[in-house]
Each structure stands twice: as structure tokens, then as C-alpha cells.
Amino acid sequence: MTLKQYNWKNGPDLIQQHSVAKHRILQAYLAAYFRTLVSSPNQDVLRLTLVDGFAGGGLYVHNDTRETVKGSPFIFLEATREAEFVINKDRRKPVQLQVDYFFTEADHHAYTHLVKVLREAGYGDKIGNGIFIEEARFQDKADAIIAFIKKKSPKNGRSIFALDQYGYKEVPTQLLRKIFDALPSAEVILTFGVDSFMNFASDGDQVKDLLDGLGIPDIFGGRSVEEIKSSDRDWRLFLQSTLYRRLVENCGARHFTPFFIRNRGGHGDYWLIHMSQHHRARDVMTEVHWANNNYFIHYGGAGLDMFQMVGYDPVHDASYLQQSPLGFEFDDVARRASIAALNEHIPRRVYADDTGISFGELFATTCNSSPASAQIYRDSIGQLLAEQIIEVVPADGGRRRSAAQIKATDQIIASNQRTLFAAI
Ligand SMILES: C[S@@+](CC[C@H](N)C(=O)[O-])C[C@H]1O[C@@H](n2cnc3c(N)ncnc32)[C@H](O)[C@@H]1O
């Protein structure tokens, strides 16, 4: 399936609901990001660079409602304005958000339209002065943008890159690695057209060249795509999980979320992959998934191996699929299934070591493989505590009665009553 591309030659183009979903997630994530970063009462400045690598033309018309829809550059700009207001309204010492924006757009009509609508919206005098817009390919500007961020925030390179490509070819893992190597606090929100990729995946040099170009050669372990298709009933899932694993392994980020944006109209699901170097950032994004569950779907339930390590293994425990046949929908059914799965898997991790495991380590080392947020881990630990399967020991000794206040440094150990799991 070829993706329909936007055209801003004659003004705003039509946008489909499943692309608007991306905007909602970006908006929700930015709001949560600012809230999380500016939690210290003594902080007075936050330096941040927001990069929209595939910026588009700025405005759309909604395909169903015909309402005007703002594109990602406006979402970035308005998220900062709103955050500044919300953060400072009750603070004695206001925080100044020093945010620079880079918008790159390769298409001439889109670029021209973007500049026009930003000017019309009153951002004209900021263009060239905090808002840097270039008619260029993101790949060609990435080095200069990274250098700017390093100079502005030498310690942490705090930045968010939205890389909302069409399809899957424009952002190779080499480019992602460059960002993460240079900027320790960078985060990337990458669109990856996994359905388009799957449809393209057939034998021959073309696929090999494509994978080489993406920096993920030989992802199918020497097997040909034809072989996989003929031998594996779930070949799409197999290809997806392999592709996903290689993509995130090669991009240099420690943490990631790989959930799908669903396209209710049928084919055309894509990944919105959030990549970061810190599990806290990963958890903020996971919470956004749970809070916006009507946009997301996760097909792990049909066998992606991200779940075999810590969540449930849905191939063996697919009870929720009877209630949500589409897959894991980040709803109450999925929440209950996640808690039930963690109730089994956390004790296994805890019992594997005589000294147990700290909550921080448990979460940091397993969250990539689970759709659960830290809150869901806490809910599970709360149940395990109540059932006396584990105990939680705070750094200063004693025992926690509930998991509500659990800290990263708390040690989770086997309870003396470990009868139920003793055989595991
Ligand atoms: C999916 S659209 C982006 C939509 C936009 N992020 C939004 O949410 O409003 C992809 C955009 O990237 C532009 N584009 C394609 N290849 C590009 C490249 N290599 N670098 C920068 N922009 C590119 C296209 O012209 C198109 O406007």
C-alpha cells in the first residue's frame, strides 16, 4: 500500500483521524514532559530544544469534520506556551522555559505554507530567532542541529526530536545513534510505517539494500522472506518483532515503547516509537499510552516476544483476547491482564536472587519488554504484598505495608510465606 502524501500547494490538505492521533499523543507527551522536568521548586530555567524533522505544512483540514487541524510545529509551540502558564501559575519563583525550535521540511510547498501560517499566527518575529525553519531534508541538517543543541545544553543536550517520516526509509538507525551518542538527554518520537514495510518485504536485492540502508542488515537470520512466509503462520508478527528488536538495538537508546497507532480503516497501522535513555521518560510515555487508549493497539498479544520476558506471554495466556479480540487495547481489560501477569513474573525475578531486587532495577531492566507503566508495577506489588508473596524493604529498614510509596531504592525480597512460589 502506498501512503497518500500531503500536498500544501493549494492550502491545507486533508488529514485522517489516525494521523490526528499522533498529534494527540505528541501534545499529551509534551505536557507530561514539562510537568516531569520542572518539578523542583528551586529551578528557574529549563533549556530545551524541540526538533520537528518532518514538519509538514502546518495546517490541515480534518477529513471527517472539515475542521482546521494544527500540525506538529504548532503543537510544539503551543505545548511550551501552555506549560509555561500551567507551571508558573502557582509558583513563587517562575521557571523560564528557554526553548528553541527547529522545523525542517523537504517539500517546497509544505515549507512555504508552514512559514506563511506561522507568520499569520503571530510567530513572524521569532522566525530566525528561536524558531529555525529550513527547506531541507532532515538528514542533511541533523549534524548542524545536534551541534546547536550541544552548544546550548553542553551537559545533557536536552531535546526532543519528532521524526514523523512517511513510510520507513528516511531515518536510518545510524542517524538515531548519532543523536543518542551526542546528546544524553535526547528523546526521539519516531513514526515507522510498519505495514508499508511489511508489504514491501519480499525477496531480492531491494529488501537487502533497504535493510542495509536502515543500518539493520541481515535481520532475518539468513532466512529468506519467502521461506519465512511459507513456514511461519504468523510471519507478519515474526517479521515485525525481529524488525522491531533490531531497530531498537541498533539505534543506541536504552528505553523504548513500540506500540501501534491503529488505523481503524484497515491496513496502515504504524509504530510510534519513543526512544530515550531513561526509564522515567519511558514511563511518562507509557502513561500517555494508557491515558489515550483509544488510539493505540498492541499486537504483542498475538506473539511479539516483548512479552515473554516479564509481562504475560499472550500465546499461553490469551484470556484477555477473548474480551478484546483486536489485541491489547490499553483498557481496563488490558490493565487487569497486565497486573495478573506481573503478579506471576515479579516473584520469579525476586526469587531468582537471594537478596531480591530493588524496585528501580526491576522496573529499569524489564519495562522495555512490558506494556505496563510504573503505576501498574506498583499495583501488582501491592497485591503481592497483601498476599504475603513478597516483602518490600525501604533503604532505612522496616517493611512497607503498601506499594503506594515504594521508592526506586526499596528492595523487594521473597516473603517468609513463600509457599505458593517455592517450587518456581
Ligand atoms: C507525515 S508528514 C509530516 C506531518 C507533520 N509532522 C505533522 O504532524 O503535521 C511528512 C513530511 O515530511 C516531509 N519530508 C519528506 N521527506 C523528508 C525529509 N527527508 N526531510 C524532511 N522532510 C521530509 C514531507 O514533505 C511531509 O511534509
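Just follow the structure's listing: the first ligand is 1, and inside any ligand the first atom is 1. Small disclaimer: the values here were computed from a predicted structure and weren't measured. Values reported hereafter were calculated over all heavy atoms of this structure, with side chains retained and with hydrogens, waters and symmetry mates removed.
- Within the 4.0 Å heavy-atom criterion, neither part of A162 lies near ligand 1.
- In this structure, G57 falls outside the shell of residues with a heavy atom less than 4.0 angstrom from ligand 1.
- The shortest side-chain heavy-atom distance between E105 and E135 does not fall under the 4.5 Å cut-off.
- Under a 4.0 Å criterion applied to the non-hydrogen atoms of G71, ligand 1 contributes the atoms 9 (O).
- Other residues, nucleotides and ligands contribute over 12 non-hydrogen atoms within 6.0 Å of the NZ atom of K152.
- For atom 22 (N) of ligand 1, the closest non-hydrogen atom on the protein side is A106 N, 3.2 Å.
- The number of heavy-atom neighbours closer than 6.0 Å to CZ of R254, taken from other residues, nucleotides and ligands shown, is 12 or below.
- For atom 21 (C) of ligand 1, the nearest protein heavy atom (residue, atom name, distance) is G53 O, 3.2 Å.
- Residues T286 and R282 bring a donor and an acceptor atom of their side chains to less than 3.5 Å of each other.
- Checked against a 3.5 angstrom limit, the closest N/O atoms of R137 and ligand 1 fall outside it.
- Near D107, with a cut-off below 4.0 Å to any heavy atom, the atoms of ligand 1 are 25 (O).
- At a heavy-atom cutoff of 4.0 Å, ligand 1 is contacted by no atom of F74, backbone or side chain.
- Protein heavy atom at the shortest distance from atom 9 (O) of ligand 1 is Y60 OH, 2.5 Å.
- Contact atoms of ligand 1 toward W8: 27 (O) (distance under 4.0 Å to a heavy atom of the residue).
- Taking a cut-off of under 4.0 Å to the non-hydrogen atoms of A136, the atoms of ligand 1 that pass are 20 (N), 21 (C).
- From the protein, the heavy atom lying nearest to atom 24 (C) of ligand 1 is E105 OE2, 3.4 Å.
- In terms of polar-atom proximity, Q139 is counted as a contact of ligand 1, with an N or O under 3.5 Å from an N or O of the ligand.
- Relative ring orientation between H274 and Y29 is described as tilted, the plane-to-plane angle lying within the 30° to 60° band.
- Here the shortest heavy-atom distance to atom 6 (N) of ligand 1, taken over S72, P73, G56, belongs to S72.
- With respect to E249 and R246, a salt bridge is recorded, a charged nitrogen being found less than 4.0 Å from a carboxylate O.
- A heavy-atom distance below 4.5 Å is not found between the side chains of I149 and D100.
- A salt bridge links R280 with D283: the closest approach of a Lys/Arg side-chain nitrogen to an acidic carboxylate oxygen falls below 4.0 angstrom.
- Of the N or O atoms in Y6, none lie within a sub-3.5 Å distance of an N or O in ligand 1.
- Within a 6.0 Å sphere centred on NZ of K155, other residues, nucleotides and ligands contribute 12 heavy atoms or fewer.
- Checking E187 against Y33 by side-chain atom types alone, no donor-acceptor pair falls below 3.5 Å.
- Relative orientation of the F192 and Y168 rings is tilted, given thresholds of 30° and 60° on the angle between their planes.
- No side-chain heavy atom of E170 sits less than 4.5 Å from a side-chain heavy atom of F138.
- Regarding atom 2 (S) of ligand 1, its nearest protein heavy-atom neighbour is Y166 CE2, 3.7 Å.
- Compare F138, F54, F103 by their heavy atoms: the one nearest to atom 23 (C) of ligand 1 is in F54.
- Residue contacts with ligand 1: H23 is included, with a non-hydrogen atom under 4.0 Å away.
- Side-chain atoms of E287 and Q375 include no donor-acceptor pair closer than 3.5 Å.
- Of all protein heavy atoms, the one lying nearest to atom 10 (C) of ligand 1 is D164 O, 3.4 Å.
- Ligand 1 places these atoms under 4.0 Å from at least one heavy atom of E170: 19 (N).
- The backbone of A55, and not its side chain, has at least one atom closer than 4.0 Å to an atom of ligand 1 (non-hydrogen atoms only; backbone = N, CA, C, O).
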